[in-house]
Amino acid sequence: MPELPEVETIRRTLIEKIQNQVIEEIICYHPDVLVNPDGISLDNWLIKDIRRRGKYLLFDLQKDIICNPKPAARDYCVMMVHLRMTGKLLLEEKIVEPAKHTHVRFVLSNGGSLDFNDTRRFGRVTLFPPGQEFNDCGFATLGPEPLGDDFTIDYLINTCKRYGKSSIKGVLLNQKAIAGIGNIYADESLFRAGIFPERKAGELSHAKITLLHQKVREVLTEAIGHRGTSFRDYVDGLGNKGFFQLHLAVYQKDGDPCLACGTTIEKIKVAGRSTHFCPHCQK
DNA sequence: GCCAGCCTGTTG
DNA sequence: CAACAGGCTGGC
């Protein structure tokens, strides 16, 4: 479900509320969802920081030891959360009965909890010893952050060359090429850049790639500004919806007139995903 | 590349 | 009832 702007919005809502809180206990209600191959302790972790990389959230945890001048490696860990399609992280102010699809609960020192809830159960919470999060191969092979300095026009030109036979939409969705773009923002970026989603990446002119680079950053930045897209069930860490669905041009707009030219928006399948585009504006 | 598979829920 | 859903992996 959530793409970069949604995951970033969740990160921001959570860090404000629970940085420096202690996870007193991690309770797992469904064994598949919490992955802990190193048998990391499930209690008394101080939340030092919450970072995002692509669609992953990384919680930097430190053992809550009051006077410990020489912390050992086992006093630190990284908790990686991937929400996949329907995952949510929801703060509860008090301890309540776990919801139907709450699979992992983080009991907090403020008397509440952070609940990992995921209807389709594709998402995962994985615990790693410090620095070992790269053992998750999806994480290890992530491309650059599209809003970061490494995502340059030259990088996108070279990446389009490297994945030249693949559709440009396939490149945008490929997490090894660029981290964090999903189906909504791929379609919206391609509309703004005027590129037909099935165009081979290798055929695009440098001018078009430059425009796409700009539009990818523009769409993601605007979407973060609107706190993400709540198309079906996305909510942030406080249960609030985003607003970027009010600014979508093509995603889920098939049958509607294009706001730019009036041509009917179409829906096709590209790179295995439903794809929305304007046949007049996108070539 | 594509496509099934992982899951449950919603929509047509 | 079938088709589809914001993601990703692994097997051809």
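Below, chain A is the first sequence line, B the second, and so on; all start at residue 1.
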Does A:Ser274 have a side-chain nitrogen or oxygen under 4.0 Å from the phosphate oxygens OP1 or OP2 of C:dA5?
-> yes

In terms of the nearest nucleotide of DNA chain C, which residue is placed more toward the 5' end: A:Ile181 or A:Cys137?
-> A:Ile181

Take the protein atom OH of A:Tyr163 and the nucleotide atom P of B:dG1, then report the distance between them rounded to whole Å.
-> 10 Å

Distance-only polar pair, side chains of A:Thr229 and A:Gln245, donor-acceptor under 3.5 Å = no

So which heavy atom on A:Tyr234 is nearest to which on A:Gly228, and how close?
-> CE2-CA, 4.5 Å

Answer with base, sugar-phosphate or nothing: what part of the nucleic acid does A:Lys176 contact at a heavy-atom distance below 4.0 Å?
-> nothing

Are the charged groups of A:Asp60 and A:Lys48 less than 4.0 angstrom apart, N to O?
-> no

Would you tell me if any nitrogen or oxygen in the side chain of A:His101 comes within less than 4.0 Å of OP1 or OP2 on B:dC7?
-> no

Say you pick atom C1' in C:dC4 and the same atom in B:dC3; how far apart are they, in whole Å?
-> 16 Å

Touch check for A:Gly272, heavy atoms < 4.0 angstrom, all strands: base, sugar-phosphate only, or nothing?
-> nothing

What are the residues of residues 219-232 of chain A, sorted by number, that bring a heavy atom to within less than 4.0 Å of DNA chain C?
-> A:Thr229, A:Phe231, A:Arg232

Atom CG of A:Asn117 and atom P of B:dT8: how far apart are they, to the nearest Å?
-> 13 Å

Below 4.0 Å: OP1/OP2 of C:dG7 and any side-chain N or O of A:Gln175 = no

Which is true for A:Lys267 with a 4.0 Å heavy-atom rule: it touches a base, it touches only sugar-phosphate, or it touches nothing?
-> sugar-phosphate

Reference residue A:Arg227; test side chain to side chain donor-acceptor pair (under 3.5 Å); the match among A:Asn240, A:Thr9, A:Asp236 | A:Asp236

Starting at CD1 of A:Ile268 and ending at P of B:dC2, how long is that distance when rounded to a whole Å?
-> 12 Å

Could you check whether A:Phe122 and the base of C:dC8 form a stacked pair, meaning centres closer than 5.5 Å and planes differing by less than 30°?
-> no

B:dG9 phosphate, OP1 or OP2, under 4.0 Å from A:Thr119 side-chain N/O = no

Any idea how A:His103 and A:Phe116 line up, ring-wise: parallel (<30°), tilted (30 to 60°), or perpendicular (>60°)?
-> tilted

Could you check how far NE2 of A:His82 sits from C1' of B:dC6, rounded to whole Å?
-> 14 Å

Would you call A:Glu266 and A:Lys253 a salt bridge, taking side-chain N to carboxylate O under 4.0 Å as the test?
-> no

A:Ser166, nearest nucleotide to its side chain (from C:dG6, B:dC6, B:dG1) = B:dG1

For the pair made of OH in A:Tyr234 and P in C:dA5, what is the distance, rounded to whole Å?
-> 21 Å

Under 4.0 angstrom, heavy atoms only, what part of the nucleic acid is A:Tyr185 near: base, sugar-phosphate, or nothing?
-> nothing

Which of A:Arg52, A:Lys55, A:Arg53 passes salt bridge (charged side-chain N to carboxylate O under 4.0 Å, His left out) with A:Glu8? Answer is A:Arg52

Taking only the side-chain nitrogens and oxygens of A:Lys100, find out if one of them lies under 4.0 Å from OP1 or OP2 of B:dT8.
-> no

Between B:dG9 and C:dT9, how far is it from one P atom to the other, in whole Å?
-> 25 Å

Distance check: side-chain N/O of A:Lys55 vs OP1/OP2 of C:dG7, anything under 4.0 Å?
-> yes

Take the angle between the ring planes of A:Phe139 and A:Tyr56 and call it parallel below 30°, perpendicular above 60°, tilted in between.
-> perpendicular

Counting only Watson-Crick and G-U wobble pairs with both atom distances below 3.5 Å, the stems of 3 or more consecutive pairs that include DNA chain C are B:1-6 with C:7-12, B:8-12 with C:1-5

Are the side chain of A:Arg199 and the backbone of A:Lys283 linked by a donor-acceptor contact shorter than 3.5 Å?
-> yes

From CZ of A:Arg120 across to C1' of C:dC8 the rounded distance in Å is 12 Å

A:Asp118 side chain vs A:Phe122 backbone, donor-acceptor pair below 3.5 Å = yes

Nearest-Å distance for atom pair NE2/C1', residues A:His103 and B:dC7 | 9 Å

For nucleotides B:dA4 and C:dA3, find the distance between their P atoms and express it as a whole number of Å.
-> 12 Å

Result for ring-ring contact (aromatic ring centres under 6.0 Å, His included) between A:His276 and one of A:Phe196, A:Phe231, A:Tyr251 points to A:Tyr251

Among the nucleotides B:dT8, C:dG6, C:dG7, which one has an atom lying closest to any side-chain atom of A:Arg121?
-> B:dT8

Separation of C:dG7 C1' from A:Glu3 CD (nearest whole Å) = 9 Å

DNA chain B: 5'-proximal contact among A:Asp32 and A:Ser167 (nearest heavy atom) | A:Ser167

Using a cut-off of strictly less than 4.0 Å, decide whether A:Arg84 has a side-chain nitrogen or oxygen near OP1 or OP2 of B:dC6.
-> no

